[in-house]
Protein chains: 2
Amino acid sequence: MVTIVVADDHKIVREGLIRLLEAREDFTVIGEAANGDEAVALVMEKRPDIVLMDINMPKLSGIDATRQLGKAGCQSKILVLSMHESRAYVEEVLRAGASGYVVKNSASTDVHNAIDAIQSGASYLSPAITQQVVDAIARPGDGGPSGVSMLTEREREVLELIAEGLSSREIASELGVSLKTIDSHRSNLMDKLDIHKVSGLVRFAIRAGLIEA
Amino acid sequence: MVTIVVADDHKIVREGLIRLLEAREDFTVIGEAANGDEAVALVMEKRPDIVLMDINMPKLSGIDATRQLGKAGCQSKILVLSMHESRAYVEEVLRAGASGYVVKNSASTDVHNAIDAIQSGASYLSPAITQQVVDAIARPGDGGPSGVSMLTEREREVLELIAEGLSSREIASELGVSLKTIDSHRSNLMDKLDIHKVSGLVRFAIRAGLIEA
DNA sequence: CCATTATTAGGAGTAAACCCCTAAAACGCA
DNA sequence: TGCGTTTTAGGGGTTTACTCCTAATAATGG
């Protein structure tokens, strides 16, 4: 019997997931959490085999919760449930110590398969994701760490301020440097990310978790 | 027997919802859609009693889909499922012609109750929502309609394209009007929202669910 | 029928964004 | 010590964005 804890901030989604899980007779849900804090506490207490963890949760994100459980030496395998298919997310989730990544746009059988896989010690990535990871590896140019990690500290800082709505002049004054310097950083980070519009930068910054929407 | 169509862009959520609905023997799900366009087509074809519609969907949002169905004279009652509890959303959803508004953080029984209610011609709002609506009615002048609902159809459209990264020129060509027209819409919507930068518009559009991050 | 609003369009101008270059000082690293 | 990277800074240019005006047409609503 595989014991499972479900963490998702939407009760109705949680209920649906539990039904989907318990359609398998060898799965049993022994607890549910509505945010990251609750999830960590519950998992430490119940020690389930599997944690089905949503990424977007208040207080503590699913990624941070995963990270904390890892540091605490928790043996439960974590299967992250996400609505994002972007490479950046997958990287971060796996780095945080999760054993699997399933997009919400999956069939219930995918979740079953994922649990079977990580229960036996393997990793599991949604079919939709595997392709992206393969693409990322195949592409050497921007291949490495996608996005934020290819930026320097300063560029990240500038990007954040741009996304927060400051003009280049305001950023220059904020950081105590010349307008032209910000212009350089701006150009450089735009080249690195291959995003050449403010709108794109904002969305990137949000996806990357640099700022909140 | 109450016939239902479920529209949500996440397959796994859709599956969960269907299970929750079919736990009631007098409910039967006769179709499912993964985006707004599909939903409209499917509902026009199948003519269900109820449409359980998510707001955040690609191509055509649940709100726009609701609006289209209303204009087409569709008799199906629409129950909107949303993760947002903000007043602005509820306003717009009801204005679009939906019969009910249920937040995702509800129990399945709430959805059952909502369907019973709107099936008998009533409206249904999640408990979490009712208070907000009452508040909004109580002080009409104060906050006013905050956000999206104060924009016109065209302004919303332009905002969406701005947030998606199109330049004014591209938007003009996309919508088949003059650059100056887009400039007008842009100015007007910026005045209405009191947001005067692209970065702010993008974040607003994301918060408002007009686009995805 | 009149008032308001939505949609369209333009003129004219300032500010900002964005693109092309170069280049110096500082830093770690091999 | 030299090499790459980061951070700094600038010159000069084109293109958008943004603001301030006006104004015609159509539709909506009291």
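Below, chains carry the letters A, B, ... as their sequence lines are ordered, and counting in each starts from 1. In what follows, every heavy atom counts, from backbone to side chain, and hydrogens, waters and symmetry copies are set aside.
Residues forming a side-chain contact (heavy atoms from CB on, under 4.5 Å) with B:Ser187 (at least two apart in sequence, or on another chain): none. Residues forming a side-chain hydrogen bond (donor to acceptor under 3.5 Å, both in side chains) with B:Asp191 (at least two apart in sequence, or on another chain): none. With sequence neighbours excluded, no residue forms a ring pair (Phe, Tyr, Trp, His ring centres under 6.0 Å) with A:His196. The side-chain hydrogen bond (donor to acceptor under 3.5 Å, both in side chains) test applied to A:Asp49 returns A:Thr3, not counting sequence neighbours. Checked against side-chain contact (heavy atoms from CB on, under 4.5 Å), A:Asn35 has the following partners two or more places apart in sequence or in another chain: A:Asp37, A:Glu38, A:Pro58, A:Lys59. Remark: B:Thr181 engages no residue in a side-chain hydrogen bond (donor to acceptor under 3.5 Å, both in side chains) (not counting sequence neighbours).
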Filtered N/O pairs between nucleotides 24-30 of chain C and protein, under 3.5 Å:
none

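Pairs of residues two or more places apart, or lying in two chains, that qualify as salt bridge (charged side-chain N to carboxylate O under 4.0 Å, His left out) and include a residue from residues 164-184 of chain B are A:Lys197-B:Glu170, B:Lys180-B:Asp183.
Within the structure, a side-chain polar atom (N or O) of A:His185 is placed less than 4.0 Å from OP1 or OP2 of D:dT8.
Backbone-only contact: B:Thr152 has heavy atoms under 4.0 Å from sugar-phosphate atoms and none from a base.
Near DNA chain C, meaning a heavy atom under 4.0 Å away, the residues from residues 154-179 of chain A are A:Ser167, A:Ser168, A:Arg169.
In this structure, the helix from C:dC1-D:dG30 to C:dA30-D:dT1 shows an angle of 50° between the axis at its start and the axis at its end, each fitted on 5 base pairs and rounded to 10°.
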Inset, instruction - Please report the C-alpha distance between A:Ser76 and A:Arg47 in whole Å, then the side-chain angles of each, then the deciding distance to 0.1 Å, and finally whether the side-chain hydrogen bond (donor to acceptor under 3.5 Å, both in side chains) criterion is met. - result: CA-CA 6 Å; A:Ser76 302; A:Arg47 303 281 172 172; over 6 Å; no
Legend entry - Sugar-phosphate or base contact per nucleotide [nucleotides 19-30 of chain D; S, B, -; heavy atom under 4.0 Å]: B-----------
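Stacking of B:Arg24 on the aromatic ring of B:Phe27 is recorded, both the 6.0 Å distance cut-off and the 45° axial limit being met.
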Donor-acceptor list for residues 14-23 of chain B side chains, cut-off 3.5 Å, not counting sequence neighbours:
unit_1	atom_1	unit_2	atom_2	d
B:Arg14	NE	B:Glu32	OE1	2.7
B:Arg14	NH1	B:Asp8	O	2.8
B:Glu15	OE1	A:Ser108	OG	3.0
B:Glu15	OE2	A:Ser108	N	3.1
B:Glu22	OE2	B:Val29	N	3.1

